[in-house]
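Because the structure is predicted, anything quoted here is derived from the model rather than measured. Read the numbers this way: they start at 1 and go in the same order the structure lists the ligands and their atoms. In what follows, residues are counted from 1 in the order of the sequence shown.
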Amino acid sequence: MNLVSSINLISALPLILFLLLLVLQSLFPRRDLSRVGQRRGWHNLFLFAFNFVLLRFLIPLTLLSTANWALANQLGVFNLIAAPNWLAIVVTVIVLDFAIYWQHVATHKIDLLWRMHKVHHADHDMDVTTAVRFHPLELVLSLLYKALLVILLGAPLAAVIIFELLLFIGPAFNHSNLAIPARVDAALRKMIATPDVHRAHHSIDINEQNTNYGFFLIWWDRWFQTYTERPAAGHRTMSIGLVSQESECERVDQMLIAPFLKS
Ligand SMILES: [Zn+2]
Ligand SMILES: [Zn+2]
């Protein structure tokens, strides 16, 4: 298998897992989503398609091309020091995960960033389609932030590929409405954010919303005391979304203009 077909396989993998989770969550649902209707899921997917076209075809920047550029110019920690490749990969993936934790905290604490991030939280419920419900401006800012980190780290190409896979697969998994046996959930959440962990972050209760920021590793929430074990109202009966603006942020056009409206 040559490099091009390997990369094609790698980029197809997240999409296959996304579709698999869509099927699995409908077969083994954690919560009854019928109350809030199917329309929200379709609009989340429309926004995903819009963002995909924007980031794939209109913005000439990827993390892989950034890592290649840093390598060619010998920039960043791991392009300057002689570290074993495996160590550079592991450290880079963990540091990037840590940086995304703080990015997520910032999107909740800084009003300008919250205006964009609230589009993600305005979803009336949470399932795998919520994982791709992000305002395009938030994604572009996030891309610039990650590109800067990739340069500073001198991130190995393999680490960038692994991180990008985790950045898609992790949220697809932990936003899914998939019922997971309690024992499996308990074992997984020692290491990663499970759907039950991330659901508390989508609670309408602001105190719960300001916890469980981790998108893949759960360590940072535990270490920085932003971890909530379970939502007080229970997973099946808790309210998800925002107290305000819920009804105004349902269609894709409403999601796109939401950051520019007075809150
Ligand atoms: Zn959030
Ligand atoms: Zn989320």
Trainee: Check His117 and report its N/O/S atom nearest to the Zn ion (ligand 1), by atom name.
Mentor: NE2
Trainee: In terms of side-chain heavy atoms, does His124 have a donor or acceptor partner in His202 at a distance below 3.5 Å?
Mentor: no
Trainee: Compute the angle centred on the Zn ion (ligand 1) spanning NE2 of His104 and NE2 of His108, and express it rounded to 10 degrees.
Mentor: 100°
Trainee: Would you please classify the geometry between the Phe224 ring and the Trp102 ring as parallel, tilted or perpendicular, with 30° and 60° separating the classes?
Mentor: perpendicular
Trainee: In His175, the N, O or S atom nearest to the Zn ion (ligand 2) is which?
Mentor: NE2
Trainee: Suppose we only count N/O/S atoms under 2.8 Å; would His120 qualify as near the Zn ion (ligand 2)?
Mentor: yes
Trainee: Angle subtended at the Zn ion (ligand 2) by NE2 of His202 and NE2 of His198, to 10 degrees?
Mentor: 90°
Trainee: Indicate whether any N or O donor in one side chain lies under 3.5 Å from an N or O acceptor in the other, for Thr226 and Tyr101.
Mentor: yes
Trainee: Give a yes or no on whether His201 keeps an N, O or S atom under 2.8 Å from the Zn ion (ligand 2).
Mentor: no
Trainee: Please check if the side chain of Gln209 supplies one atom and the backbone of Ser203 the other of a donor-acceptor pair under 3.5 Å.
Mentor: yes
Trainee: Please report the closest heavy-atom contact between Phe18 and Thr129, naming both atoms and the distance.
Mentor: CZ-CA, 4.4 Å
